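One structure below.
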Amino acid sequence: FPVTIFMKAKIIDGLITGFIDNQHTGHGDYEPQLILNNHDKAQKVLSVYQHHLIACSSFQIAIAFLSESGLQSLMATLLECEQKQIQGQVIISGYLGFTSVSALRKLHSFSNLELRLNLLSNMHVKGTLFHYDDHISLLMGSSNFTQEALSVNFEWNVLLHSTHHGDLIHAVQADFNRMWECSHLS
């Protein structure tokens, strides 16, 4: 993926504002963001997932727990992704037996998703890579795919943006690929 000078400048501006100088005028869309459920400001982790899932060209999700209510919260967005043929890879953990089998079956029915179940480790990861033509966005934090975590609970998640050549993105991608290879086809 070629890195355009314009995209690189937007990401650098965002990093300066987010990590070095909050008075710097950067590109707001590319600044690192703390993603919360904040009822006073009508903010939800769910809204960020909904926005990025339908805007990206593909995505990779590694999530510890999936509940029926969490899947229901994302259902309309996932259906839109299927309609737009936005491809996704999803790893769900079997850790602690919390994930809903019926939710897994429903998720497995999407034609645009490859689904794997990680039963080999205590996978407790909660992160998503949103792939775009000119960059990758990473949402990582404490939220599982439950309705409460996506909309109500006090959760901390961080949204970061990188070119396709960023070291952190490569490390996360490599670890996702490692988990993918040691997870079961569903």
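Only this structure's heavy atoms are used, side chains among them; waters, hydrogens and symmetry mates stay out. Just so you know, these numbers come straight off a predicted model, no measurement behind them. If you read the sequence from its start, that first residue is 1, and numbering goes on from there.
For the residue pair Pro32 and Gly14, the shortest heavy atom distance occurs at CD-O, 3.2 Å. Closest heavy-atom contact between Ser142 and Lys126: O-CD, 3.1 Å. Closest heavy-atom contact between Ala64 and Ile92: O-CG2, 4.3 Å. Across Leu53 and Cys81, no two heavy atoms sit closer than the pair O-SG, 3.3 Å.
For Asp167, the CG atom is loosely surrounded, since the number of other residues' heavy atoms within 6.0 Å does not exceed 12.
At least one side-chain heavy atom of Gln173 sits less than 4.5 Å from a side-chain heavy atom of Gln60. Counting heavy atoms from C-beta outward, Leu160 and Leu168 have side chains that approach closer than 4.5 Å. Counting heavy atoms from C-beta on, the side chains of His164 and Ile169 never come closer than 4.5 Å. Residues Leu138 and Leu159 are not in side-chain contact: their nearest non-hydrogen atoms beyond the backbone lie 4.5 Å or more apart. Taking 4.5 Å as the limit, some side-chain heavy atom of Leu150 sits within range of a side-chain heavy atom of Leu74. Taking the side chain as every heavy atom from C-beta outward, Leu66 and Leu107 approach each other to under 4.5 Å. A 4.5 Å side-chain heavy-atom check between Tyr30 and Met7 finds at least one atom pair inside the cut-off. Taking the side chain as every heavy atom from C-beta outward, Met75 and Leu71 approach each other to under 4.5 Å.
For the atom pair His165 NE2 and Lys8 NZ, the distance stands at 9.5 Å (nearest 0.5 Å). With rounding to the nearest 0.5 Å, the separation of CD in Gln85 from OG in Ser111 is 7.5 Å. The distance from the SG atom of Cys56 to the CG atom of Leu129 is 10.0 Å, given to the nearest 0.5 Å. To the nearest 0.5 Å, atom CD1 of residue Ile61 and atom CG of residue Leu115 are 10.0 Å apart.
Between the Asn144 side chain and the Phe65 main chain, a donor and an acceptor come within less than 3.5 Å of each other. With hydrogens and angles disregarded, no donor-acceptor distance shorter than 3.5 Å links the side chain of His24 to the backbone of Leu15. Checked by atom type and distance alone, the side chain of Thr17 never pairs as donor or acceptor with a backbone atom of Asn22 at under 3.5 Å. Between the side chain of Ser109 and the main chain of Lys106, a donor-acceptor pair closer than 3.5 Å is present. For the pair Asn157 (side chain) and Ser143 (backbone), a donor-acceptor distance under 3.5 Å is present. Although no hydrogens or angles enter the test, the distance criterion places no donor-acceptor pair under 3.5 Å between the side chain of Ser100 and the main chain of Ser67. A donor-acceptor pair is defined here as one N or O able to donate and one able to accept, closer than 3.5 Å; such a pair exists between the side chain of Arg116 and the backbone of Trp180. Of the possible polar contacts, none joining the Glu155 side chain to the Gly141 backbone as a donor-acceptor pair under 3.5 Å is found.
Residue Phe145 is not grouped with residue Leu36 when hydrophobic side chains (ILVMFWY) are merged at heavy-atom distances under 4.5 angstrom, including chains of intermediate members. Residue Tyr132 is not grouped with residue Ile54 when hydrophobic side chains (ILVMFWY) are merged at heavy-atom distances under 4.5 angstrom, including chains of intermediate members. In the hydrophobic clustering of this structure, Leu78 groups with Leu117; members are Ile, Leu, Val, Met, Phe, Trp, Tyr whose side-chain heavy atoms approach within less than 4.5 Å, directly or through other members. If you chain together hydrophobic residues whose side chains sit under 4.5 Å apart, Leu139 and Trp156 never meet in one group.
Aromatic pair His52/Phe59: ring centres not closer than 6.0 Å.
Looking at Asp175 and Arg178, a side-chain N of the basic residue comes within less than 4.0 Å of a carboxylate O on the acidic one, giving a salt bridge.
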Criterion side-chain contact (heavy atoms from CB on, under 4.5 Å) on Lys10 and His135, from CA distance to verdict:
CA-CA 11 Å; Lys10 289 194 292 189; His135 73 284; over 6 Å; no
Donor-acceptor pairs under 3.5 Å, side chain of residues 37-48 to any protein atom, not counting sequence neighbours: which ones?
residue	atom	partner	partner atom	Å
Asn37	OD1	Val45	N	2.8
Asn37	ND2	Ala149	O	3.0
Asn37	ND2	Asn153	O	2.9
Asn38	OD1	Asp40	N	3.0
Asn38	OD1	Lys41	N	3.2
His39	NE2	Val152	O	3.4

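Residues His131 and Ser58 have side chains that never bring a donor and an acceptor to within less than 3.5 angstrom of each other.
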